[in-house]
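Can you keep this structure in mind? I'll have questions shortly.
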There are 2 protein chains.
Amino acid sequence: MIGNENAVMRLLQYKDTLKKLKSLGFSKVFSDNLADTVGVSPSLVRKDFSLFDISGHKRGGYRIDNLVERLDQILGRNVTQKVIMVGAGKLGSALMNFRAFEEEHIRIVAAFDHDEAKQDAKAKIPVLPMDGLRGYIAENQIQLGILTLPEDAAQRVADIMILAGIRGILNFSPLQLRAPRRCIIRSVNLELELEHLIYLISRTLEDEEASEEDSGRKDD
Amino acid sequence: MIGNENAVMRLLQYKDTLKKLKSLGFSKVFSDNLADTVGVSPSLVRKDFSLFDISGHKRGGYRIDNLVERLDQILGRNVTQKVIMVGAGKLGSALMNFRAFEEEHIRIVAAFDHDEAKQDAKAKIPVLPMDGLRGYIAENQIQLGILTLPEDAAQRVADIMILAGIRGILNFSPLQLRAPRRCIIRSVNLELELEHLIYLISRTLEDEEASEEDSGRKDD
DNA sequence: TAGATTGTTAATCGATTAACAATC
DNA sequence: TAGATTGTTAATCGATTAACAATC
């Protein structure tokens, strides 16, 4: 129940799928269906559920309503989460308006930026000066921050956030942030993702060339 | 050499670290150093290298220059990659100006959007109408696209890209895109990442409460 | 030489799959 | 009842770690 982070990511995917199925009018689902849409084996779906003490009905599958409710419980998604955006540059502002967040009980309550030109305390999501960051976190008991600062400022500002009591940071800077155990860092490294894709492509291209040795060359 | 995608991600991280070390004036490195900065075991570093036929010097470690060169080779990063941006909304435009891409031989050559207000053929990175997407990919032999469209348009446009001969798509829509084997899809699901973080936080909070049963409660 | 580090092998660990008894 | 699906156990698979011989 504690260890498996892959299982948690799959649980999140199951939940997404279930919501779609529900909106299509389904009320129950089998491990087979979920496995298909998420792209894993039915065994694994059942294993994941059993890992988190989720049970269904022999022969009757799972009731979608129950399942979603239980998943929300496990995943800590039964209350709206307040999140701050640290850095209001291009990426930060883009994420501030990200649709999917609103739909999922995730609410960005304020943003912080050093640049005065970007500050606007009256905006729907106020953009405040960096000075106020520490106080805001502490006063409003903010647990979660999204960090979209450039590499050179990232660690310094992260330290401030941690000092103020933040519990988790979703980090978009390419830096591997250091943090004490009470604050969890998850990083999304966009450059790395793209480079990974480049690797995968270059590998399939090699494979194709290799397999053409046998089959002769087709005209282009 | 073929299977392990985790190893590939680590290779990319090693490369990043090596560049930083190099800019700090280092010319050689030991598996220990790399392990430390990336946060893995030295064994694993050596194992990863051996997996890709990278060798160093007994007792002398690895020469950073050689290593970076070899990694670029393996990772397909020895040529500049042309990439198109499909969708020029907030997220798309943010990524178009993403610093880290420029530094890594990744060049975004054009963007496409349905919205006329966003189109601008004269911009540094031209924003073109969606009609031109298929032709542009075919004529310029574009291999890579970044997809930042909303869910409802994502699959339809991805199909067009695939038809035109694209080889890889970095997908930011929350949809699990379907594609034939010749096109590789990698997805970044920002909502999922944030929800994962929420789960991790809610779990550590529970743990703390649990451990307070023993130790008594500290005042807040 | 003595000491340090690589490269590889074998051991361990953990996650996934396959199989099947339980049961609706 | 016969058939289908869950939940769990054991088997498999793959990735990581530990250990150490080779060697600079």
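Below, chains carry the letters A, B, ... as their sequence lines are ordered, and counting in each starts from 1.
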- Item | Complementary nucleotide for D/dC13 - Watson-Crick or wobble, under 3.5 Å | C/dG14
- Rounded distance in Å - CG (A/L44) to P (C/dA18):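 About 11 Å, once rounded to whole Å.
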- Message: For C/dG7 and B/S50 - does any side-chain N or O of the residue sit under 4.0 Å from the phosphate oxygens OP1/OP2?
- Response: no
- Residue mapping more 5' on DNA chain D - nearest nucleotide basis, A/K47 or A/K58: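 Looking at the nearest nucleotide for each, A/K58 comes out on the 5' side.
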- Item | Nucleotide nearest B/S55 (side chain, heavy atoms from C-beta), chosen from C/dT16, D/dT6, C/dG7 |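 Closest nucleotide among those given: C/dG7.
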- Query: Roughly how many Å is it from CG in A/D48 to P in D/dG7, rounded to a whole number?
  - Reply: 13 Å
- Query: For C/dT16, does OP1 or OP2 lie under 4.0 Å from any side-chain N or O of A/R46?
  - Reply: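 No, because none of the side-chain N or O atoms of A/R46 sits under 4.0 Å from OP1 or OP2 of C/dT16.
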- Task: Just name whichever nucleotide pairs with C/dA21, Watson-Crick or G-U, keeping both distances under 3.5 Å, else none.
- Result: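 D/dT6 - that is the nucleotide pairing with C/dA21, both distances being under 3.5 Å.
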- Item | Nearest-Å distance for atom pair NZ/P, residues A/K28 and C/dC24 | 15 Å
- Shortest non-hydrogen contact from A/L95 to A/M85?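 Looking at all heavy atoms of both residues, the closest pair is CB-CE, 3.7 Å.
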- Item | Protein-nucleotide distance (B/E5, atom CD; D/dC13, atom P), rounded to Å |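 So the CD-P distance, B/E5 to D/dC13, works out to 20 Å.
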- Task: Check the distance between D/dT1's P and A/R59's CZ and give it to me in whole angstrom.
- Result: 14 Å
- Message: Using a 4.0 Å heavy-atom cut-off, does B/Y62 contact any base of the nucleic acid, only the sugar-phosphate backbone, or nothing at all?
- Response: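 Sugar-phosphate, backbone atoms only, no base.
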- Message: For a quick check under 3.5 Å, do B/R70 and B/Q73 share a side-chain donor-acceptor pair by atom type?
- Response: yes
- Rounded to the Å, how far apart are B/D53 CG and C/dT8 C1'? 13 Å
- B/S41 near the nucleic acid: base, sugar-phosphate alone, or nothing, with a heavy-atom cut-off under 4.0 Å?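 Result for B/S41 = sugar-phosphate.
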- Return no unless some side-chain N or O of B/N6 is found under 4.0 Å from OP1 or OP2 of D/dG14. no
- Which whole-number value in Å describes the distance from A/F30 CZ to C/dC24 P?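 Those two atoms, CZ and P, are 15 Å apart.
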- Note on the structure: Separation of C/dC24 atom C1' from A/R63 atom CZ, nearest Å, is 16 Å
- Query: Does the pair A/E5/A/R186 count as a salt bridge with the N-to-O cut at 4.0 Å?
  - Reply: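 Salt bridge absent between A/E5 and A/R186.
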- Does B/E69 CD have over 12 foreign heavy atoms under 6.0 Å away?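 No, not enclosed.
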- Item | N/O (side chain, A/N4) to phosphate O (OP1/OP2, C/dT16) under 4.0 Å |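 A/N4 to C/dT16 OP1/OP2: side-chain N or O found under 4.0 Å.
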- Query: Does A/E195 pair with B/K15 as a salt bridge, N-O distance under 4.0 Å?
  - Reply: yes
